[in-house]
Amino acid sequence: MLLAPRGRAWATLLKLAFAARTMAGVSELESALQMEPAAFKALYSAEKPKLEDENLIFFCQMGKRGLQATHLARGLGYKGARNYAGAYREWFQKEG
């Protein structure tokens, strides 16, 4: 996540980041990842991640909730779920 993707991938990342910001938190993630794709898109204005997606990256301000979200997603079968351990603070210092 330190290198920003371009084009369609970047637009998708921005939509997913916005969707994540609209969630109440990790507690809402479990139900969101179990929704039908159409319901997910209607609620979050983004495509629902697929179980086979290689890079489903979670992050938060400090790192704890991102790690919780990663474990939750992996438990639901999202094998490509990863935590950006440096969290938003590290990204902002390096890229922001």
Side-chain angles (χ1 to χ4, degrees):
M1 195 157 161
L2 292 177
L3 297 175
R6 298 288 180 245
R8 177 179 277 173
W10 180 241
T12 300
L13 178 63
L14 288 176
K15 286 180 183 176
L16 289 174
F18 178 77
R21 291 182 67 180
T22 64
M23 290 183 177
V26 177
S27 61
E28 187 176 335
L29 180 64
E30 184 171 11
S31 61
L33 291 179
Q34 294 181 46
M35 287 179 170
E36 291 296 320
F40 185 97
K41 187 170 186 173
L43 186 58
Y44 299 112
S45 301
E47 297 295 326
K48 179 183 173 190
K50 296 176 177 62
L51 289 173
E52 62 272 8
D53 284 347
E54 292 182 20
N55 290 306
L56 181 57
I57 301 170
F58 294 94
F59 63 95
C60 62
Q61 186 73 25
M62 301 296 287
K64 183 179 178 181
R65 288 172 293 139
L67 183 60
Q68 290 174 332
T70 301
H71 288 302
L72 183 92
R74 285 184 184 162
L76 292 172
Y78 289 88
K79 293 182 171 65
R82 303 173 192 209
N83 179 41
Y84 179 41
Y88 176 78
R89 284 184 167 193
E90 180 182 282
W91 175 83
F92 186 74
Q93 289 172 348
K94 292 183 177 184
E95 298 289 326

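- Here the closest heavy-atom approach between residue Ala73 and residue Phe58 is recorded as CB-CE1, 3.7 Å.
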Would you be so kind as to tabulate the donor-acceptor pairs closer than 3.5 Å made by side chains of residues 29-43, with sequence neighbours excluded?
residue: Ser31; atom: OG; partner: Glu28; partner atom: O; Å: 3.0
residue: Gln34; atom: NE2; partner: Glu30; partner atom: O; Å: 3.4
residue: Lys41; atom: NZ; partner: Glu47; partner atom: OE2; Å: 2.7

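- Although no hydrogens or angles enter the test, the distance criterion places no donor-acceptor pair under 3.5 Å between the side chain of Thr70 and the main chain of Ala81.
- The hydrophobic clustering, which links ILVMFWY residues whose side-chain heavy atoms are closer than 4.5 Å, places Leu56 and Leu72 together.
- Partners of Lys79 according to the side-chain hydrogen bond (donor to acceptor under 3.5 Å, both in side chains) rule, which considers only residues two or more places apart in sequence or in another chain, do not exist here.
- Within a 6.0 Å radius of CZ in Arg74, more than 12 heavy atoms belonging to other residues, nucleotides or ligands are found.
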